[in-house]
2 protein chains.
Amino acid sequence: MQQRSEETRSRILEAAVKQFAVNGYGKASVDNICEQAGVSKGAFYHHFQTKQDVFLALLDGWLQIFDQAVEASKDQPVPETFQQMTDYFPYIFESASDNLPMFLEFLLQASRDDKVWQASIAPYRRYHKHFASLIKKGIAEGSFVEVDPNLAARLIVSAAMGLLLQSLLDPQGAKWDKVARETVQLMMNSLVREEN
Amino acid sequence: MQQRSEETRSRILEAAVKQFAVNGYGKASVDNICEQAGVSKGAFYHHFQTKQDVFLALLDGWLQIFDQAVEASKDQPVPETFQQMTDYFPYIFESASDNLPMFLEFLLQASRDDKVWQASIAPYRRYHKHFASLIKKGIAEGSFVEVDPNLAARLIVSAAMGLLLQSLLDPQGAKWDKVARETVQLMMNSLVREEN
DNA sequence: AGAATAAAACCGACTGGTCGGTATGTTTTT
DNA sequence: AAAAACATACCGACCAGTCGGTTTTATTCT
């Protein structure tokens with residue numbers, strides 16, 4: 001029965017995400033994680049080789065939220081694709097408020113640790129490429145004006161990262177999912193070709 | 001003669017910025033900073049009460065770069081103001097590649113330490129307000145289309161933060177100061193009222 | 001000018017605590 | 001009985017900050 005094993009593993013992950021969120025990666029100690037999970041250190045190191053492994057496992061799971069939003073509603077006119085993406089914003093911003101500190105610390109690690117850097121740079125480049133080709137498609141189908149797809153994609157990714165950061169920095173500063181939706185609107189206004 | 005004192009103080013700051021950049025705030029030990037500065041721990045704690053104080057002192061200095069860029073070229077038509085701001089981009093991105101890891105760690109601290117949060121949220125809100133009023137002025141003088149100034153300002157700040165982040169994540173990914181300049185262009189295109 | 005003195009600047013060993021990871025042993029499952 | 005899962009005590013390294021002392025600088029007095 002690997003039931004118990006799975007249970008323990010997921011309890012460690014749950015506890016880790018809490019500890020990382022509250023204390024950050026550096027301050028979240030394995031001991032605390034174990035305590036919160038109601039599990040011994042032996043169990044912890046039975047399931048994960050290092051603390052960093054736990055972190056990468058969590059990261060992997062979190063990125064799937066974005067993939068979900070990005071992959072959603074394909075095979076439609078491009079403007080609609082962008083529009084539908086905004087449906088995920090409330091969920092994204094909610095999950096960000098819990099996970100972004102951890103995410104930031106992960107970026108920090110990324111700039112210094114090659115293993116983590118690979119795990120971070122890959123999805124980031126994926127998003128950039130995805131938006132660039134979306135825009136290219138939009139131009140091809142005639143719904144977008146002719147901009148540099150790469151440049152516009154950078155703007156989109158930048159705005160997304162920036163908005164997420166701001167939502168962390170100043171949670172009360174605005175209704176961030178609303179701001180994000182309106183930002184998409186604003187960017188769309190300058191991208192969508194006028195009907196005529 | 002407080003010459004020696006000043007010298008020591010600035011050597012500590014120099015060493016600190018290097019250590020923070022290379023190892024991050026958490027891993028940069030006071031001992032290392034002292035060693036790099038060629039100064040004893042006693043001297044360190046003579047000049048600064050805590051490690052965090054050093055950090056805040058550095059932060060203060062770094063933010064002045066942005067203030068400089070933001071304050072530059074006032075009393076002009078608003079589109080020109082934005083245009084001239086881009087002159088600072090190469091300098092900003094260069095200094096960011098050294099200081100952004102530290103900057104990120106500072107954001108992290110910001111989300112957990114009230115003292116640091118105050119030091120971080122204040123300038124951030126300043127920039128938002130500054131851009132919002134710039135845009136409002138642009139609309140008033142007739143050079144901008146009628147957008148929500150607050151929303152557009154959020155987009156600008158977001159894009160700026162996002163671009164800085166990306167330049168850290170993927171330094172080789174693009175010529176970031178160029179991308180930033182073109183991004184301003186792109187945003188201006190949708191903000192500036194068509195001549196007619 | 002030169003000695004005396006006070007204060008600022010600086011030194012480095014030490015403390016108390018934390019933490020990631022290990023070694024060894026015990027329990028549970030197969 | 002073998003192997004997987006789990007428990008616990010422990011180690012070595014690290015580190016922010018302290019403290020009693022020494023050196024350098026500035027000031028005052030003679």
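The basis for the numbers below is simple: all heavy atoms, side chains too, and nothing from hydrogens, waters or symmetry mates. Every chain is numbered from 1 and lettered A, B, ... according to where its sequence line falls, protein lines coming before strand lines.
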Length of the line joining [X]:[atom1] and [N]:[atom2], which is rounded to integer Å:
X: B:N23; N: D:dA16; atom1: CG; atom2: P; value: 11 Å
X: A:F48; N: C:dG20; atom1: CZ; atom2: C1'; value: 16 Å
X: A:H46; N: C:dT26; atom1: NE2; atom2: C1'; value: 14 Å
X: B:Q19; N: D:dC15; atom1: CD; atom2: C1'; value: 13 Å
X: B:K51; N: D:dC14; atom1: NZ; atom2: C1'; value: 11 Å
X: B:E7; N: C:dA9; atom1: CD; atom2: P; value: 14 Å
X: A:F20; N: C:dC19; atom1: CZ; atom2: P; value: 13 Å
X: A:Q52; N: C:dG20; atom1: CD; atom2: P; value: 12 Å

In terms of the angle between their ring planes, are B:F48 and B:F44 parallel, tilted or perpendicular, with boundaries placed at 30° and 60°?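 Tilted, since the angle between the ring planes falls between 30° and 60°.
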Take the angle between the ring planes of B:F20 and B:Y25 and call it parallel below 30°, perpendicular above 60°, tilted in between.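 B:F20 vs B:Y25 ring planes: tilted.
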Below 4.5 Å, heavy atoms only, C-beta onward: do [X] and [Y] meet side chain to side chain?
X: A:M85; Y: A:V184; value: no
X: A:S158; Y: A:M161; value: no
X: B:T86; Y: B:Q185; value: no

Looking at [N], I'd like to know if its phosphate oxygens (OP1 or OP2) sit under 4.0 Å from a side-chain N or O belonging to [X].
X: A:H47; N: D:dC6; answer: yes
X: A:S40; N: D:dC6; answer: no
X: A:T8; N: D:dC6; answer: yes

Applying salt bridge (Lys or Arg N to Asp or Glu O under 4.0 Å), which residue pairs with at least one partner in residues 122-134 of chain A are found, sequence neighbours left out?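 The answer is A:D67-A:R126, A:R125-B:D170.
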Would you mind listing every salt bridge (Lys or Arg N to Asp or Glu O under 4.0 Å) that reaches into residues 36-52 of chain B, with sequence neighbours excluded?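 As it turns out, the salt bridge (Lys or Arg N to Asp or Glu O under 4.0 Å) pairs with a partner in residues 36-52 of chain B, which skip direct neighbours, are B:D31-B:K41.
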When you check the gap from the basic side-chain N to the acidic O, do B:R181 and B:D87 get nearer than 4.0 Å?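 B:D87 and B:R181: not salt-bridged.
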Presence of salt bridge, B:E14 and B:K18, under 4.0 angstrom: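 No salt bridge links B:K18 with B:E14.
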Show which side-chain atoms of residues 136-146 of chain B pair as donor or acceptor with protein atoms under 3.5 Å away, not counting sequence neighbours.
from: B:K137; atom 1: NZ; to: B:Q76; atom 2: O; distance (Å): 3.3
from: B:E141; atom 1: OE2; to: B:V78; atom 2: N; distance (Å): 2.9
from: B:E141; atom 1: OE2; to: B:S143; atom 2: OG; distance (Å): 2.8
from: B:S143; atom 1: OG; to: B:G138; atom 2: O; distance (Å): 3.3

Mind checking which stems touch DNA chain D? I mean at least 3 consecutive Watson-Crick or G-U pairs, both distances under 3.5 Å.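 For DNA chain D the paired stretches long enough to count as stems (3 pairs minimum) are C:1-30 with D:1-30.
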Provide a list of protein-nucleic acid N or O atom pairs under 3.5 angstrom, restricted to nucleotides 18-23 of chain D.
none

Please check this pair: side chain of A:W117 against backbone of B:L169, looking for a donor-acceptor N/O pair closer than 3.5 Å.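 Looks like yes, one N/O pair under 3.5 Å.
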In residues 26-36 of chain B, which residues come under 4.0 Å of DNA chain D by heavy atom?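 Close to the strand are B:K27, B:A28, B:S29, B:V30.
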